[in-house]
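Just follow the structure's listing: the first ligand is 1, and inside any ligand the first atom is 1.
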Amino acid sequence: MMGRIKIVVLVVSLFLGTWVVPHNAQLSYNYYKASCPNAEGIVRRELLRISLLDSTAPAAFLRLLFHDCQVQGCDASILLDVHGPGTDSEMKSYRNFAIRKREAVEQIKSALEAECPGKVSCADIIAMAARESVSLSGGPRIGIPLGRKDVRTCSHQRADSYLPSPSISVDGFLQTFVSKGMSLEESVAILGAHTLGVGHCLNIVDRLYNPAPTDRMNIAFRARLRLKCPTRIPLDNITFVSNDLTPGIFDNQYFVRLLAGKGLFHIDANIAADSRTLPIIRNFAADQNYFFRVFSTAFVKLSLTNVLSPPRGEVRRQCSHVN
Ligand code: HEM
Ligand SMILES: *[C@@H]1O[C@H](CO)[C@@H](O)[C@H](O)[C@H]1NC(C)=O
């Protein structure tokens, strides 16, 4: 019975997955076949090189995709460094605290420019780098449509208002992802990205020293986190803790730990305490392949948020500046 429900959910989400694409008719799975046939191979090679030098890079690339797509759309707005009216770097937003590897995207871009100048957009590079980061870390291999164009504007106020706070409510969280065409399952699955990477004390101390009465963080876990983040106002902005016990491996441990009261951020704990999302967390914790399948369709939808197609947008020559 359970198996049948899962199959139905999968079929429905696969159907939605193919349904989303025609809205962005100019994207396709073999977009660079003629203009840059080796584009995906180059991104994979560069990502591997970058990750061998810094094993925490895949986590940073995955978060970068979310923070790009969440503000205006998946348009590489987060990479713009230009300043002035209407072009205010999103990195000025406090919500982009600890965003990393923007310069590494520029390195991948240089490698692509050397092979096929002016063809591959920075928005597609962010999406491909995030996709490769998931599979390189042991997660699913995900096919994504390509052909996103780069935007010419950015605004740090927009980043402030669209990037979610770690203490967002479950309703706010669901709204964020359902508006991207995700199902309830997919919304929970995409947060499984928190199987990778770290959180800084700045984003955790609230839960450690000022917990809501309903906050059911595991007591031993809270004690351990307090040792790492010993003051209510962090003494520095460098100290961090792992998102889960295997921060370099893309697995379903995030969900296993949520059930044990060991989620790091408010939102992680909130979805484990909500009757709508808890059963889904249980399913993902029990069946990693099921998590991988739902994460894959959710990832494609995230990567298709408000994408630009000609005549809108451009292919930047340099990711940090408009042409
Ligand atoms: C409501 C939604 C979300 C909230 C509130 C949220 C919040 C956060 C916070 C506060 C951090 C810690 C940053 C730090 O202190 O260094 C973080 C890290 C991270 N987030 Fe999320 N997140 C959300 C959704 C997502 C999504 C959709 C993805 C990817 C698909 C994602 C991927 C990551 C990754 C990989 C990290 C680790 C980054 C690193 O190690 O540098 N998050 N998130
Ligand atoms: C850490 O970063 C936050 C947000 O950007 C800032 O408000 C705070 O002053 C910083 N703290 C330290 C100790 O640098």
For ligand 1 and Asn203, I'd like to know whether there is a polar contact (N/O to N/O, distance under 3.5 Å).
yes
Could you tell me the residue and atom name of the protein heavy atom closest to atom 25 (C) of ligand 1, and the distance to it rounded to 0.1 Å?
Phe66 CD2, 3.4 Å
Would you check if the side chain of Arg207 reaches a backbone N or O of Asp215 as a donor-acceptor pair within less than 3.5 Å?
no
Closer than 4.0 angstrom: is that true for some heavy atom of Ile233 and an atom of ligand 2?
no
Close N or O approach (Leu302, ligand 1; < 3.5 Å):
no
Could you tell me whether atom 7 (O) of ligand 2 has at least one protein heavy atom nearer than 4.0 Å?
no
Aromatic centroids of Phe295 and Phe284 separated by under 6.0 Å
no
N-O pairing of Glu46 and Lys109 below 4.0 Å:
no
Is Asp88 reaching over with its side chain to a backbone N or O of Cys154, donor-acceptor style, under 3.5 angstrom?
no
For atom 40 (O) of ligand 1, what's the nearest protein heavy-atom neighbour? Residue, atom name and distance, please.
Val198 N, 3.0 Å
Find all atoms of ligand 1 within a distance of less than 4.0 Å from any non-hydrogen atom belonging to Ala98, and give their numbers and elements.
16 (O)
So the atoms of ligand 1 within less than 4.0 Å of a heavy atom of Ser165 turn out to be 5 (C)
protein heavy-atom neighbour closest to atom 12 (C) of ligand 1 works out as Phe265 CZ, 3.3 Å
Short side-chain donor-acceptor distance under 3.5 Å, Tyr254 and Asp268:
yes
Would Asp236 count as being in polar contact with ligand 2, using the rule that some N or O on each side must be under 3.5 angstrom apart?
no
Check ligand 1 against Asn243 and write out every atom of the ligand that is under 4.0 Å from a heavy-atom position of the residue.
36 (C), 37 (C)
Counting distance only, does the side-chain N/O of Arg316 pair as donor-acceptor with the main-chain N or O of Val151 below 3.5 Å?
yes
Yes or no on side-chain contact (heavy atoms from CB on, under 4.5 Å) for Leu80 and Arg152, after CA distance, side-chain angles and deciding distance?
CA-CA 9 Å; Leu80 286 175; Arg152 294 191 183 87; over 6 Å; no
For the backbone of Gln72 and the side chain of Asn306, can you confirm whether one donor and one acceptor N or O come within less than 3.5 Å of each other?
yes
What is the ring orientation for Phe292 with Phe250, classed by angle as parallel under 30°, tilted 30 to 60°, or perpendicular over 60°?
tilted
Selected option - heavy-atom contact closest to atom 1 (C) of ligand 2, from Ile238, Asn96, Asn237:
Asn237
Donor-acceptor contact below 3.5 Å, side chain Arg131 vs main chain Ile142:
yes
Sub-4.0 Å heavy-atom approach of Phe299 to ligand 1
no
Please list, in number order, the atoms of ligand 2 under 4.0 Å from a heavy atom of Leu235.
13 (C)
To the nearest 0.1 Å, how far is atom 39 (C) of ligand 1 from its closest protein heavy atom, and which atom is that?
Arg100 NH2, 3.5 Å
Provide, to 0.1 Å, the distance between atom 35 (C) of ligand 1 and the closest protein heavy atom, together with that atom's residue and name.
Ala59 O, 3.2 Å
Whether the side chain of Asp160 engages the backbone of Ser93 through a donor-acceptor N/O pair (distance < 3.5 Å, no angle test) should be reported.
no
Are the charged groups of Glu314 and Lys149 less than 4.0 angstrom apart, N to O?
no
Check each atom of ligand 1 against the heavy atoms of Leu191 and keep those under 4.0 Å away; list them by number with element.
2 (C), 3 (C), 23 (C), 24 (C)
of all protein heavy atoms, closest to atom 2 (C) of ligand 1 is Pro164 CG, 3.7 Å
Hey, which atoms in ligand 1 end up nearer than 4.0 Å to a heavy atom of Ala193?
28 (C), 29 (C), 30 (C), 31 (C), 32 (C), 35 (C)
Is the closest heavy atom of Thr56 to ligand 1 under 4.0 Å?
no
Sub-4.0 Å heavy-atom contact, Ser167 with ligand 1
no
Would one find an N or O of His200, backbone or side chain, under 3.5 Å from an N or O of ligand 1?
yes
I'd like the atom name of the N/O/S atom in His194 lying closest to atom 21 (Fe) of ligand 1.
NE2
Could you tell me whether the side chain of Asp150 and the main chain of Ser121 form a donor-acceptor pair under 3.5 Å?
no
What atoms of ligand 1 come closer than 4.0 angstrom to any heavy atom of Gly197?
37 (C), 40 (O)
Donor-acceptor pair, distance only, cut-off 3.5 Å: does the side chain of Arg44 make one with the backbone of Glu132?
no
Starting from atom 38 (C) of ligand 1, which protein heavy atom do you reach first, and at what distance in Å?
Arg63 CD, 3.7 Å
Determine whether the aromatic ring centres of Phe177 and Phe66 lie less than 6.0 Å apart.
yes
